[in-house]
Amino acid sequence: MTKVVDVLVVGGGPAGTATALALRRYGFNVVVLERSDYKNTRIGETLLPAIREPLVNLGLWELFLSDSHLPSFGIHSA
Ligand SMILES: Cc1cc2nc3c(=O)[nH]c(=O)nc-3n(C[C@H](O)[C@H](O)[C@H](O)COP(=O)(O)OP(=O)(O)OC[C@H]3O[C@@H](n4cnc5c(N)ncnc54)[C@H](O)[C@@H]3O)c2cc1C
């Protein structure tokens, strides 16, 4: 099969998928090539508040909120 695209993003993690979404917003024809089938759980516990801006910019904020994650009111590390 042959498919002509503007951009091929290799790796469908957060970086690759965010890049692909952003490029689509600029009108590029993008394909994400991901080697996994996403069936394995990807471990993640928390997101910093700063995640809001990129999610808003990608148009994903409302979708993110609809997942009803527990709010975090601060992060301390030692
Ligand atoms: C145990 C653990 C816990 C974490 N917890 C948190 C957390 O609580 N909060 C947080 O913000 N961050 C957390 N992180 C960090 C977070 O997972 C990373 O910052 C984030 O996944 C990086 O995204 P990425 O897209 O750069 O890379 P990745 O998520 O690694 O994505 C890369 C993708 O590329 C694919 N790939 C690789 N090689 C190829 C290839 N040759 N062809 C096609 N596809 C390929 C992989 O399958 C993968 O899907 C955690 C990380 C770990 C390991």
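In what follows, residues are counted from 1 in the order of the sequence shown. As the structure lists them, so they are numbered: ligands from 1, and atoms in each ligand from 1.
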Separation between CZ of Arg52 and CG of Leu47, rounded to the nearest 0.5 Å
13.5 Å
Got a sec, which hydrophobics cluster with Val31, joining ILVMFWY side chains under 4.5 Å apart, including via others?
Val5, Leu8, Val10, Leu33
Under 3.5 Å side-chain donor-acceptor pair for Ser36 and Arg42:
yes
Does some side-chain heavy atom of Leu21 sit less than 4.5 Å from a side-chain heavy atom of Leu60?
yes
Show which residues join Ile75 in its hydrophobic cluster (side-chain heavy-atom contacts under 4.5 Å, direct or indirect), or state none.
Leu48
Report each N/O pair between ligand 1 and the protein that falls under 3.5 Å, naming both atoms.
residue, atom, partner, partner atom, Å
ligand 1, 5 (N), Glu45, OE1, 3.4
ligand 1, 8 (O), Glu45, N, 2.7
ligand 1, 8 (O), Glu45, OE1, 3.1
ligand 1, 8 (O), Thr46, N, 2.9
ligand 1, 8 (O), Thr46, O, 3.3
ligand 1, 9 (N), Thr46, O, 2.5
ligand 1, 25 (O), Pro14, N, 3.1
ligand 1, 25 (O), Ala15, N, 2.8
ligand 1, 44 (N), Arg35, N, 3.1
ligand 1, 47 (O), Glu34, OE2, 2.6
ligand 1, 49 (O), Glu34, OE1, 2.7
ligand 1, 49 (O), Glu34, OE2, 3.0
ligand 1, 49 (O), Arg42, NH1, 2.9
ligand 1, 49 (O), Arg42, NH2, 2.9

Ring pair (Phe, Tyr, Trp, His ring centres under 6.0 Å) against Phe28, all qualifying residues, sequence neighbours excluded:
none
